[in-house]
Amino acid sequence: MALDAESFDLLLSTVQRFVAERLVPAENHLEEHDEVPLALVDDMKEMGLFGLTVPEAYGGIGLSVSQEVLVNFELGRTAPAFRSVFGTNIGIGSQGILMDGTPEQKAEYLPKVARGELVMSFALTEPDAGTDAASLKTRAELDGDHYVLNGTKRYITNAPRAGAFTLMARTGGPGAGGVSAFIVPADTPGIQLGKKDKKMGQRGTMTCDVILENARVPASHIIGGVPGQGFKTAMKVLDRGRLNISAVSCGMASRILDEARRYARERKQFGKPIGEFQLVQAMLADSQAELLAAWALVREVAQRFDQKPAHVSDPDVSMRVSCAKLFATEMLGRVADRGVQVHGGAGYINEYPVERFYRDARLLRLYEGTTQVQQLIIGRELLRQD
Ligand code: COS
């Protein structure tokens, strides 16, 4: 599945222009008001951004992973809250249905996702189950032809915007094999949202708890129709999600580097632009070298991802995805730090974008699996392989 090269080039240049001309100028509004203007959301729908990864057969654009990372690089060049409006829709929120859903589930949900009519969100994390995702406690008890769900999901991105959740709950015994993935409509009686989380950065993104109290969903809402497969579905979804976070990291690093270059050319000290000092050049050079290395890695792993069927997991590819997430997000952390350093005291002041990016960037090393989770996955797979 991929968009033809000509249409893709057009899409990519449209996204580049949208980022530069509409989103970057709206960054201050976002920071001040903690919300994405509705006019921009409408533009995103019109451009088809809500359906980037949904196959054309279901009304989407049907990007391959190699194409998706290129788009995400461009979207990374502005505040991550803009991408977050549709990011869960085309990513972790809907990929479970795309990868493992029954034909009926795909036909029912994917066209609405592609049109932006239905926002989907991914609900795995719980108060006591973060990194140890297989220990989740939310229970789903069979009652006739329905499951009754009870539990709390935490830090759920886009929950206040969501029309439905891909939600992992326990239908069986302990461990990964007891977990099922459900499609849970957000208006199901018994679902409540917690108060909006106050975060370090990423203003304009919405995260909160999702609390389930005797929420009844039809048994047919188990993704793929077979209980006990939900942990694997979640892990497959996260594989693709982690690669996209890696691409966003590269885009964000390139924007920070541009900001630092501009400042280094303009700011004068000791009678000349600070960019003429070799210690400043060293910071820019390290950032450029690391960015290029991370981006080459992300694109190479994306090609491998495309060489296998989307719903089939390959432990070697998963390991490489973890390498990309580990390296690209840690690279971003270093580039953001140097970006502030090049700006000196100005880098600590809110009116310079690097201050905001520094805070925004911190989350990328945490969500969709911390750096330590990626190390664990890489280490385990290395020892398993011949
Ligand atoms: N694709 C498909 N299946 C996978 C998989 C993948 N990428 N990774 C693991 N699985 C399968 C395993 O093959 C195993 O199947 P079998 O029982 O049939 O052998 C099953 O899932 C359990 O896997 P594993 O034993 O690796 O489970 P662990 O509990 O040890 O999981 C980690 C370990 C830490 C890797 C996992 O829990 C994880 O990724 N945690 C982080 C979660 C996360 O990213 N949270 C962020 C929330 S979203 S913002």
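Counting starts at 1 for both ligands and their atoms, in listed order. Heads up: numbering here begins at 1 and tracks the sequence.
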Say whether Thr371 and Arg365, considering side chains only, have a donor N or O and an acceptor N or O under 3.5 Å apart. no
Judged by modelled atom types alone, do Ser66 and Arg299 share a side-chain donor-acceptor pair under 3.5 Å?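 Side-chain D/A pair, Ser66 to Arg299: absent.
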Sort out the contact shell of ligand 1: every protein residue with a heavy-atom distance below 4.0 Å, listed by chain and number.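 Lining ligand 1 at under 4.0 Å, by heavy atoms, one finds Phe122, Thr125, Gly130, Thr131, Ala133, Ala134, Ala176, Phe231, Lys232, Met235, Lys236, Leu238, Asp239, Arg242, Ser313, Ser318, Glu368, Gly369, Val373, Leu376, Ile377, Arg380.
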Give a yes or no on whether a salt bridge exists between Lys195 and Asp209, defined as a side-chain N under 4.0 angstrom from a carboxylate O. no
Taking the basic N atoms (NZ, or NE/NH1/NH2) and the acidic carboxylate oxygens, is any pair closer than 4.0 Å for Arg255 and Glu27?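 Glu27 and Arg255: salt-bridged.
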Going by side-chain contact (heavy atoms from CB on, under 4.5 Å), Met319 matches just one of Glu381, Arg380, Arg384. Which one?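 Only one option passes, and that is Glu381.
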Using a 4.5 Å cut-off on heavy atoms from C-beta on, say whether the side chain of Leu332 contacts that of Phe357.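 SC-SC contact between Phe357 and Leu332 ruled out.
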